[in-house]
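Proteins get letters first, then strands, A, B, ... in listed order; numbering begins at 1 in each. Source: prediction; values computed, not measured.
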Amino acid sequence: MTDAPGDGGAPPVVVDLHPACTAAEVEPDEYYHATVNGVVDYGLFVDLSEHVSGLVHESTYDGGTFEVGDDVVVKLTEVRENGDLSFELADLDDYETVAREHDYDRVAADDVGDRVGDTVHLEGEVVQIKQTGGPTIFRVRDETSAVPCTAFEAAGVRAHPRIEVGDVVHVEGVVEEREGTYQVEVTAIEVLDGEDAADVADRLDAAFAEHAEPPETEPLVDWPALEGMLPELRSVARTLRRAVLEGRPIRMRHHADGDGMCASVPVQYALTQFIEDVHQDEDAPRHLLKRLPSKAPYYEMEDATRDLNFALEDRARHGQKLPLLLMLDNGSTEEDTPAYKALDNYDIPVVVVDHHHPDPEAVDPLVDEHVNPYLHGEDYRITTGMLCVELARMLYPGLTDELEHVPAVAGLSDRSKADEMSQYLELAREAGYDEDFLHQIGEALDYEAYMLRYDPGTELIYDVLNVDGDEDRHRELVPFLANRAHEDVAEQLDAAMSHVEHERVANGANLYRIDVENHAHRFTYPAPGKTTGEIHDRKVEETGEPVITIGYGPDFAVLRSDGVRLDIPTMVAELNDELPGAGVSGGGHLVVGSIRFVPGMREPVLDALIEKMAEAELDEELHSAPKR
Amino acid sequence: MTDAPGDGGAPPVVVDLHPACTAAEVEPDEYYHATVNGVVDYGLFVDLSEHVSGLVHESTYDGGTFEVGDDVVVKLTEVRENGDLSFELADLDDYETVAREHDYDRVAADDVGDRVGDTVHLEGEVVQIKQTGGPTIFRVRDETSAVPCTAFEAAGVRAHPRIEVGDVVHVEGVVEEREGTYQVEVTAIEVLDGEDAADVADRLDAAFAEHAEPPETEPLVDWPALEGMLPELRSVARTLRRAVLEGRPIRMRHHADGDGMCASVPVQYALTQFIEDVHQDEDAPRHLLKRLPSKAPYYEMEDATRDLNFALEDRARHGQKLPLLLMLDNGSTEEDTPAYKALDNYDIPVVVVDHHHPDPEAVDPLVDEHVNPYLHGEDYRITTGMLCVELARMLYPGLTDELEHVPAVAGLSDRSKADEMSQYLELAREAGYDEDFLHQIGEALDYEAYMLRYDPGTELIYDVLNVDGDEDRHRELVPFLANRAHEDVAEQLDAAMSHVEHERVANGANLYRIDVENHAHRFTYPAPGKTTGEIHDRKVEETGEPVITIGYGPDFAVLRSDGVRLDIPTMVAELNDELPGAGVSGGGHLVVGSIRFVPGMREPVLDALIEKMAEAELDEELHSAPKR
Amino acid sequence: MTDAPGDGGAPPVVVDLHPACTAAEVEPDEYYHATVNGVVDYGLFVDLSEHVSGLVHESTYDGGTFEVGDDVVVKLTEVRENGDLSFELADLDDYETVAREHDYDRVAADDVGDRVGDTVHLEGEVVQIKQTGGPTIFRVRDETSAVPCTAFEAAGVRAHPRIEVGDVVHVEGVVEEREGTYQVEVTAIEVLDGEDAADVADRLDAAFAEHAEPPETEPLVDWPALEGMLPELRSVARTLRRAVLEGRPIRMRHHADGDGMCASVPVQYALTQFIEDVHQDEDAPRHLLKRLPSKAPYYEMEDATRDLNFALEDRARHGQKLPLLLMLDNGSTEEDTPAYKALDNYDIPVVVVDHHHPDPEAVDPLVDEHVNPYLHGEDYRITTGMLCVELARMLYPGLTDELEHVPAVAGLSDRSKADEMSQYLELAREAGYDEDFLHQIGEALDYEAYMLRYDPGTELIYDVLNVDGDEDRHRELVPFLANRAHEDVAEQLDAAMSHVEHERVANGANLYRIDVENHAHRFTYPAPGKTTGEIHDRKVEETGEPVITIGYGPDFAVLRSDGVRLDIPTMVAELNDELPGAGVSGGGHLVVGSIRFVPGMREPVLDALIEKMAEAELDEELHSAPKR
């Protein structure tokens, strides 16, 4: 037995080995804390860590009685040739304990494939936890990649229940290859904290920040107004790429019309490519990206509730992070705010790219990023589709050739009167699209949006828009669908036109009104809004004069104007004052809008509305676009 | 060749070995039935069982001609040192055959993990059969646990097609470990019958009965009326726990309102815990438990058809048992019986816990258990939520702390006037909930029930009710949702109130009527029933007098009363007599109800209804709760 | 170094080995193209193929400088005892290169199970490609069977991205057994073309053609009219069996009524059996067969869009072929053609079996096969159910006993007046079904079709029709459901009958009209069409005279006649001429039909319609069947 050193200097140091320490981390003549794990005639077997143990020979101490489990202090006397360690017991009156962390060589996740069969050490963030019928699988991501780490407690029982998604961990385990994928069978896993965790987080953060940075792109056309918005789009691209890198799902909600499709489909396509690259898994886009058409022109509470519910279920079931919500061609208005507030209690960032007249005061406090041409002194003429084609090119390089015709479709669909439309049309023409065919694409998109209802119909829409689609089929499909749409519109108008009522109102405009529920087929294409728009377009063409058209049903009215300035929000406010009990709501902007009311008050509401329109200011510049 | 023994005593015994018998079960000098499986120069190879075979040396018989497949009788002459068996042919004129069963040491399912690599014998019930692309997996449960047993016939081909779910079997097989789970690779499987099967069934039954026994609980509050119902709730708890143990799925249908949520969510939570414990599989609750809000206040034929269809598909696809149907805060009335009858042709037990006015004569013959305070001389004041919190505590111990505030929410939601509400409120107050916040929870539940429609929205509702939810989020989410609900109600009433018509009817009560389809927004929260209720509440407050409110649409009317005794079933019966061709149906109780009629007869129905109400008896004690 | 041969004859031949060639395919003294893969002091290591390499000893050439990757020509000088190959460098001025294909023994897919552990060669068509998180799985089918072939590039990364579904390939790989299924771990895969591909395709084609040939069957009853249609049904059976063999999914759309169920369920049952046999996978029918009730009596554009969308998603996600569309008891009319045209841009064959009045001019150019009794001079009396029971028997032998009662149900459901009904009834009687029970089955099917809406409810319908169902349950379930249907009809008629208006019109017929939306319950069974039919039947029975019944709602009218010849298509055309702005459409045939119009024009449309009916020709022979 070693006695305490006689000198009166500093007390001796006793090392407390981390359980993961190996024999490479001990040295002769050091003192260690140890635990007795065997008592034999010739001495004691002691454990210093999970991997370090040895013998205290009986001859080195006076044969006191020890039991398995006793804590002792030992001194390492010899490391034998065969690696065995010999100790002697230490009897120190006074000492200082110093912890020794396990020193390990960290392996990058990307490199585990070179270490099959070896014990390795990984540091990273737990991005997913999946309980199988057998082991628990922790997906651990470091700055290079993500690796599944399997731990087994009992069949179907969650191993290491304290470890949660988002924890920064150190994993020790053996690399295995299983059907060509690599995984680490966990021997130890510990949550890192303090400096260690900060180091890992910093490395991840730096790697993500670098990787999230969008590629440099030049805009497709020369348009200063658009260029002014590019920095904001780059920021959105950065946010979306970062979400992908962090394994956060993206839930995309978009207006279900032509421009909304032209906005969302390129972004979907670009994100799909980026997700496949990052996660090296063909199934990953299905889990990490959803595109969902919205039935209303704003984010309804029911949709938000459903989105939140799905997100929470996915988190509970698959250990997924809560999603980022990306609103496209929707989301800029005050009507969107109740839904945003519902999500506000959860970790769900919201990003909006829209070109409808925004209400930044209401919206901005609730969303993380908000891109809208009106916030730059521009207007709807920069359509969301135009913005999102630029966004898609920032999300994933190399898509330009496939997307060159899309902004023109977006512009035509939303009747953009921008001078720069000619550049987009020229770009599309060079890609083989004449203006007539671009129009047809827009009509085909609108028709399919109706037929698909709430289904994104990705493959079908890819063919219609010719984004990652089949060119030949695209060329056949678009005229067929556009033609179907034409025929259905013609049939609807055949029934409706003879019931359109005309009057010339005080300001000189032609006012047309039609009961679209009573004089058009219900539950078929085109829906009342589109039917009203088509009637309006015909009347504008027929008369060449200022025209207002009202298509109404039992509890709604769709409004369209050419050459008359309608301040719809003000009219709605006034109607509410004048007609208590009519429950009027709705919105729109200058030349297009819609209102709702309770069915029993339809007549007074319509009468009052028309009276207001009769006094609205004429303005030759105004044409009814974008449709809503 | 052995000749028949010469003495005239009892004929010799020839043993017929069970195919599973081993060499340990044969003895020299015994006769055995055997089958020739090889003919060689020097003798015959014979099989006595799948594991016992040996040689009949040519020298021991006179060289008669034999063919493979011949049945012979042999006598065991020697067991050689190397284990080989030598036989001689027996030529017995007369003998008695005795079957010898295979003797084996049964291993408990719980212990197979200790026997990896060994051949073991299991006895138990087949609780699931799953066909994979490779082997067939039989899940066999004994009194300790369940074990997957894999049998391979050909890729994707059902092995042992005669074995069905519910069979009691003896499995012989080799224990394997696969990713930390144990399974038995079947070498033989046989259906047990007679005494053997009965033994297994008895063991299972005893084990299940013991395990199914609910823990002892004390009710949360001191309430004799409630206590009288505890034995029935214990019985329901026993039935549900037993279903879980037997692997029978539970399909829960509940009224989609505040009390219905307060009833079903704690039961869902408790059952989820219990299922996870029993099946040691985090995915098991998803397969074995579904909570489904009902759109109507009774069990509709369409819902029953859908439930049955799902159950049959699950059985066909996953080999699952048919479910138990648990009706909560719904299910006690005659309107539920057609749906019950549709299920009656299938093995689907039905258990009802409800507090709406019951019709035991119609319901009881069709359900297995029926708990309802009215059947104990009590009434709606013991809400289903109060009952089900007690039930949840019996289903799984240790949940009390998490559920203490729930009965108070249930009582407030259904306006329970029970004196004991004060105890529940006190209990909730101690848990940190003031009455105002409890009200808000009820309103938030009602609002989310509307927004979620047919989706249970489990994770979201857990947060709203703070059952296994996030406390901080709960505290933020509830006021937000309650406030949204308030605003939506206010908007609806803004439109509606000015269209409410008033008259004072013969019995002195104030009668208010409103066309809720015409003077309220459609397809938004609050729905017509709730809108009517809110109008009614305002009028009760305003007048302080007896009030009847009728909210009607094209083919329905919602009825509410305070201080007037409405016998709605009788009124419906009378209306049907007086107005043939009006197709009146519906129900309710004293102060709340709803009726339906054909649209073309609305006016006469409403007129006749109001006439009857004008003569109804006043009763100050009556207040309109619970809502329906 | 070998110099070029001196004689002036043909240039020497240098062999270019296929990468898969082995040492068995080289011979001494031949020249080969080779690549340097190692340079050492004593010579060069060269590769002739992936499996053939050897040493060019330094002594055999003059020591020129070579680098790894250099292309050289070598001559094989010696094959040593240990298999090593010795070469010398050749310096040929002029030579002719001849490719040497790798010679291999093709193994039939059916036989790979006998070759576990061996390297084998397969030739076949890629019928599915599935990307897992690990390897890519190519399902390769030859004339005997299909085998999964796994190839690994990197975890979750598509291996051999050039290989597509439909390619004819040669696979070299090692056979592995995995949980009892066999798979080939790919070492090489190449797309075959030219003659090689044609050989494989021919073998597949011949095998498929043979296997697709339907078994010979005799019709269930002696009916020349039906027999004349059998060759066409055989052709349909061949097409469907071929689709199964080729792994093409079948999507079945059918009329959701009694006859439609009697048509589609036997075909579903037979195809399920055949798919399980062919694909040896219990899950295969779920992937390869969908039965979908159509809500409308024709193929709606929305359904076609949804079908196409699902098909495209399945192809993208699971690598499945696009489906074959099988229309049953629907699909023969001009109204189906827009939907057919939508599919026409994709590889989706369409097969129709229907007995409604067909429009072959419109339909036939768009479909691959079209079976309809009218095209044989017969009529609706040969119901689709009768045709499809014969079809099912051709699809899979041995089902006759289970289907004998089905044609009688079909005939009764669609009120077939064929004389041969007596044979079908007799057949059913012998199978234990009296006519009353057969009627009840029809009513139960109709009721369940309503309750299930868009869900096929396979297991439930199997029980109701007793096709692969439970006989005992069938006997209990059918009367219960038929009785429910009766009660619901009675309740509906109780409300409706007193509102039926009667007039005797010019041609002497009784005309009855009823507003079925206003005087019947909405959204319950029976729906307006059935309600109208039941009223009509009562009136026919009551009067014994010619009867026309019109049941109308806001925008539709259902027409039924007995004893009056209604030319509905002509009436629709005339109404459209006479009433511009009424948007009349619809169809039907002689005694049954329906029309739609815009709600605002209901009165003039009904007035004009009745005027036309008043002049329609009486014809005692005409009875209103089949219902639509």
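Atom CD of E402(B) sits in a crowded spot, with more than 12 heavy atoms from other residues, nucleotides or ligands closer than 6.0 Å.
The shortest heavy-atom contact between A520(B) and P599(A) is O-CD, 3.6 Å. Annotation for Y450(B) and E302(A): closest pair CE2-OE2, 4.3 Å, computed over non-hydrogen atoms. Nearest heavy-atom pair across L460(B) and T305(A) is CD2-CG2, 3.8 Å. Summarising the geometry of N309(A) relative to T458(B), their closest heavy-atom pair is OD1-N, 4.1 Å, with the distance given to 0.1 Å.
Proximity to chain A (any heavy atom under 4.5 Å) is shown, for H519(B), by both the backbone and the side chain. Neither the backbone nor the side chain of D515(B) comes within less than 4.5 Å of any heavy atom in chain A. For A304(A), no part sits under 4.5 Å from any heavy atom of chain B, backbone or side chain. Only the backbone of E517(B) comes within less than 4.5 Å of a heavy atom in chain A; its side chain stays farther off.
The candidate with the highest count of non-hydrogen atom pairs below 4.5 Å against chain A, out of D494(B), D463(B), L477(B), T524(B), is L477(B). For the set E185(A), K341(A), R602(A), the count of heavy-atom pairs under 4.5 angstrom toward chain B peaks at K341(A). Counting heavy-atom pairs closer than 4.5 Å to chain B, the top-ranked of the candidates P580(A), S585(A), A582(A), P338(A) is P338(A).
F480(B) is not listed as a side-chain neighbour of D344(A), based on a closest heavy-atom distance of 4.5 Å or more.
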